[in-house]
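Any value given below was found using the heavy atoms of this structure, including those in side chains, with hydrogens, waters and symmetry copies removed. The residues of the chain are indexed from 1 along the displayed sequence.
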Amino acid sequence: MIIFEVWEDEDGTTLSTEKNIAKLKKKGLLSLNATLLYRIETDSYEEAMITYHHKMGWERYKPMKEE
(Lines give C-alpha, C1' and ligand atoms only; values in the text may rest on other atoms or scores of the structure.)
Protein backbone atom coordinates (compact mmCIF):
# COMPACT_ATOMS: atom_id res chain seq x y z
CA MET A 1 0.00 0.00 0.00
CA ILE A 2 1.31 3.44 -0.97
CA ILE A 3 0.04 6.62 0.67
CA PHE A 4 -0.15 9.67 -1.57
CA GLU A 5 -1.04 13.13 -0.32
CA VAL A 6 -2.54 16.09 -2.13
CA TRP A 7 -1.42 19.49 -0.85
CA GLU A 8 -2.53 22.96 -1.93
CA ASP A 9 -0.52 26.18 -1.82
CA GLU A 10 -0.48 29.45 -3.72
CA ASP A 11 0.94 27.68 -6.81
CA GLY A 12 -1.83 25.05 -7.01
CA THR A 13 -1.98 21.43 -5.92
CA THR A 14 0.74 18.84 -5.53
CA LEU A 15 0.32 15.07 -5.50
CA SER A 16 3.22 13.09 -4.08
CA THR A 17 3.99 10.22 -1.78
CA GLU A 18 3.69 10.86 1.90
CA LYS A 19 7.47 10.48 2.30
CA ASN A 20 8.33 12.87 -0.54
CA ILE A 21 6.22 15.79 0.74
CA ALA A 22 8.75 16.63 3.49
CA LYS A 23 11.54 16.65 0.88
CA LEU A 24 9.56 19.00 -1.37
CA LYS A 25 9.00 21.39 1.53
CA LYS A 26 12.67 21.27 2.53
CA LYS A 27 13.73 22.12 -1.04
CA GLY A 28 11.19 24.96 -1.25
CA LEU A 29 9.23 23.22 -4.00
CA LEU A 30 6.14 23.15 -1.77
CA SER A 31 5.28 26.05 0.49
CA LEU A 32 5.63 25.53 4.24
CA ASN A 33 2.15 27.08 4.43
CA ALA A 34 0.64 24.42 2.15
CA THR A 35 -2.55 22.73 3.32
CA LEU A 36 -3.20 19.00 3.18
CA LEU A 37 -6.38 18.41 1.16
CA TYR A 38 -6.59 14.62 1.36
CA ARG A 39 -4.73 11.31 1.33
CA ILE A 40 -5.05 8.50 -1.20
CA GLU A 41 -4.17 4.94 -0.17
CA THR A 42 -3.60 2.74 -3.19
CA ASP A 43 -1.35 0.13 -4.73
CA SER A 44 -0.05 2.19 -7.65
CA TYR A 45 0.72 5.66 -8.96
CA GLU A 46 -1.78 5.15 -11.77
CA GLU A 47 -4.62 4.41 -9.33
CA ALA A 48 -3.65 7.50 -7.32
CA MET A 49 -3.81 9.65 -10.46
CA ILE A 50 -7.25 8.30 -11.35
CA THR A 51 -8.53 9.24 -7.88
CA TYR A 52 -6.73 12.61 -7.94
CA HIS A 53 -8.30 13.61 -11.28
CA HIS A 54 -11.74 12.49 -10.11
CA LYS A 55 -11.57 14.41 -6.81
CA MET A 56 -10.29 17.54 -8.55
CA GLY A 57 -13.16 17.44 -11.07
CA TRP A 58 -10.80 17.06 -14.02
CA GLU A 59 -11.19 14.87 -17.07
CA ARG A 60 -10.42 11.18 -16.64
CA TYR A 61 -6.73 10.41 -16.15
CA LYS A 62 -5.08 8.98 -19.24
CA PRO A 63 -1.79 7.21 -18.59
CA MET A 64 1.08 7.83 -20.96
CA LYS A 65 1.40 5.17 -23.62
CA GLU A 66 4.44 2.95 -23.40
CA GLU A 67 6.47 2.78 -26.58
Side-chain angles (χ1 to χ4, degrees):
M1 183 69 58
I2 306 166
I3 299 174
F4 292 88
E5 294 183 340
V6 177
W7 288 77
E8 182 176 47
D9 65 10
E10 58 276 356
D11 293 328
T13 58
T14 299
L15 168 81
S16 192
T17 61
E18 182 181 41
K19 292 180 180 181
N20 195 48
I21 291 294
K23 292 177 187 176
L24 293 174
K25 286 183 176 183
K26 187 175 181 179
K27 292 179 180 179
L29 298 173
L30 181 63
S31 169
L32 296 176
N33 297 324
T35 304
L36 176 64
L37 296 180
Y38 53 89
R39 288 185 170 92
I40 302 169
E41 294 183 25
T42 187
D43 292 321
S44 71
Y45 173 78
E46 193 167 286
E47 287 178 26
M49 289 300 292
I50 290 168
T51 301
Y52 179 48
H53 275 239
H54 177 74
K55 285 186 172 263
M56 297 303 290
W58 299 337
E59 69 178 53
R60 187 166 188 243
Y61 174 69
K62 298 174 190 153
M64 294 177 60
K65 293 181 182 178
E66 294 182 22
E67 294 183 33

Separation between CE (Met64) and NZ (Lys62), nearest 0.5 Å, reads 14.0 Å
Distance col, row Glu5:CD vs Glu41:CD, nearest 0.5 angstrom, shows 10.0 Å
On a heavy-atom basis, which atom in Phe4 and which in Ser44 lie closest, and how many Å separate them?
CE1-O, 3.8 Å
Would one find more than 12 heavy atoms of other residues, nucleotides or ligands at under 6.0 Å from atom CD of Glu59?
no
Treating Ile, Leu, Val, Met, Phe, Trp and Tyr as nodes and any side-chain heavy-atom pair under 4.5 angstrom as an edge, say whether Ile21 and Met56 lie in one connected cluster.
no
Quick one: do the Tyr61 and Thr51 side chains pair a donor with an acceptor below 3.5 Å?
no
Specify the closest pair of heavy atoms between Val6 and Leu36, including all atoms of both residues, with the distance to one decimal.
O-CD1, 3.6 Å
Are Trp7 and Leu37 in one and the same hydrophobic cluster, where Ile, Leu, Val, Met, Phe, Trp and Tyr link if side-chain heavy atoms are under 4.5 Å apart?
no
Would you compute the distance between atom CG of Leu24 and atom OG1 of Thr14 and round it to the nearest 0.5 angstrom?
7.0 Å
If you measure from CD1 on Ile50 to CZ on Arg60, what distance do you get to the nearest 0.5 Å?
6.0 Å
For Leu30 and Asp9, what are the C-alpha separation, side-chain angles and deciding distance, and is it a side chain to side chain contact (heavy atoms under 4.5 Å, CB included)?
CA-CA 7 Å; Leu30 181 63; Asp9 65 10; 3.4 Å; yes
Roughly how far apart are Ile40 CD1 and Met49 CE, rounded to 0.5 Å?
9.0 Å
Taking all heavy atoms of Thr13 and all of Trp58, pick out the closest pair and write down the distance.
OG1-CH2, 4.1 Å
Give me the atom names and distance for the closest heavy-atom approach of Lys25 to Ser31.
CE-O, 4.0 Å
Same apolar cluster (I L V M F W Y, side chains within < 4.5 Å links), Tyr52/Ile2:
yes
Would you kindly confirm whether Tyr38 and Leu15 end up in one hydrophobic cluster when ILVMFWY residues are joined by side chain heavy atoms under 4.5 Å apart?
yes
